[in-house]
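The structure under discussion appears below in the form of structure tokens.
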Protein chains: 2
Amino acid sequence: MDAVSYLSQAERHCAQRGCRLTELRRRVLELVLRHDGVVKAYQVLADLQRERGPAAPPTVYRALDFLVEQGLLHRVEALNGFIVCEHFECHHDGLFLVCQDCGRVLELDAAQGLSSLCAATAQLGFTIAPQNLVLTGTCKACLA
Amino acid sequence: MDAVSYLSQAERHCAQRGCRLTELRRRVLELVLRHDGVVKAYQVLADLQRERGPAAPPTVYRALDFLVEQGLLHRVEALNGFIVCEHFECHHDGLFLVCQDCGRVLELDAAQGLSSLCAATAQLGFTIAPQNLVLTGTCKACLA
DNA sequence: TGACTTATGTTATACTGTAACGCTAATCCA
DNA sequence: TGGATTAGCGTTACAGTATAACATAAGTCA
């Protein structure tokens, strides 16, 4: 999906949920979109500063948190980063495959993988919450 | 396993591997053992300072890194923490179930769970590296 | 309009982790 | 044994990540 139609869908998504995709939040989302893969908060902050002058960390973190809440971004904890969610219309758990060599990130739906883990942990009485999973490894291109 | 026998096994483990469980490393391991579940590096640092006076972060991080290398501890990236490995004799991937409510951590062997994920990602040509997995959820006690 | 809520700006600081340098203690080998 | 070499540790300084707390501005609605 190109950035423009992604943004307009995001706009509609927020409207439906009765929350405001403000100028700042939209701008932050665009900045994340512009990057391929995972972006760091401080990278976004730097980009934002280049555009609009002085800005402090909370400005960016608040916008990112909002976007994660709305399902537009994933927070990838293991990488201290954020990544655009490709399918924010349906709720889902993300499964991220991070290549150790090239750093590229693939996103899958984790439902399948998680269900088998769910079954295993259910025996212990442990209930798994919805969440993103990050697996590191080596991608096709880097293996070759 | 109680701390004393754990430490003596750790001692033997290191000797077999031809590396030195020095006084400092042993001390750090003891401090981690003393905590139930996941410990933060800076918590260990604080404990160490209380015992031996001034100490800086690298002192603790180096010892922790060593212990992770030897398989005595797991580094739990998603939590920025460290936890004692219950079965360091066999190499394995850890699967950590972290309770959102009480913070307690269960360790399982991740081999089973990972294998199904492995199969899924293999179709994409992605090879998963050995790693620890963290799942958050709610434990038996907190569900009740 | 005025009261209220939400969003943003601003300052300061906490937490996590590492680079780089130098010294000391252990190990090795001629 | 003694000199070279390496491993371990102390120390300083700093980079990167994240949030608390308070002030201000902008939107909302009676």
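All chains are named by letter (A, B, ...) in the order of the sequence lines, taking the proteins before the strands, and each is independently numbered beginning at 1. This is a predicted model, so every value here is computed, not measured.
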Between [X] ([atom1]) and [N] ([atom2]), how many Å, whole number?
X     : N      : atom1 : atom2 : result
A/R17 : C/dT6  : CZ    : C1'   : 17 Å
A/Q70 : C/dT6  : CD    : P     : 13 Å
A/L79 : D/dA18 : CG    : C1'   : 16 Å
A/Y42 : C/dG17 : OH    : P     : 15 Å
B/L45 : C/dT18 : CG    : C1'   : 14 Å
A/L64 : D/dT19 : CG    : P     : 11 Å
B/F82 : C/dT16 : CZ    : P     : 10 Å
B/R62 : D/dA7  : CZ    : C1'   : 11 Å

### B/C85 to B/Y6 - nearest heavy-atom pair and separation
O-OH, 3.0 Å
### Task
Heavy atoms only: give me the nearest A/C14-A/Q70 pair and the separation to one decimal.
SG-CG, 4.5 Å
### Query
Just wondering, do A/V68 and A/F82 contact through their side chains at under 4.5 Å, heavy atoms?
yes
[N], OP1 or OP2 - any side-chain N/O from [X] closer than 4.0 Å?
X     : N      : value
B/K40 : C/dC15 : no
A/T59 : C/dT10 : no
B/Y61 : C/dG17 : yes
B/T22 : D/dA7  : no
B/N80 : C/dG17 : yes

### Message
Which is more 5' along DNA chain C, the nucleotide nearest B/Q43 or the one nearest A/E23? Just name the residue.
### Response
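Going by which nucleotide is closer to the 5' end, it is A/E23.
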## Note on the structure
Of B/C19 and A/G81, the one whose nearest nucleotide on DNA chain D sits closer to the 5' end is B/C19
### Message
Once you apply a heavy-atom cut-off of 4.0 Å, does A/R25 come out as touching a base, just sugar-phosphate, or nothing?
### Response
sugar-phosphate
### Message
If the threshold is 4.0 Å, N to carboxylate O, is there a salt bridge linking B/R75 and B/D65?
### Response
yes
#### Entry: Charged N-O contact under 4.0 Å between A/E23 and A/R26
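Result for this pair is no, no salt bridge flagged.
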When you measure from the side chain of [X], which nucleotide among [options] comes out closest?
X     : options               : answer
B/R52 : D/dG10, C/dT8, C/dG17 : D/dG10
B/R20 : D/dG8, C/dT18, C/dT16 : D/dG8
A/L24 : D/dA18, C/dG17, C/dT8 : C/dT8

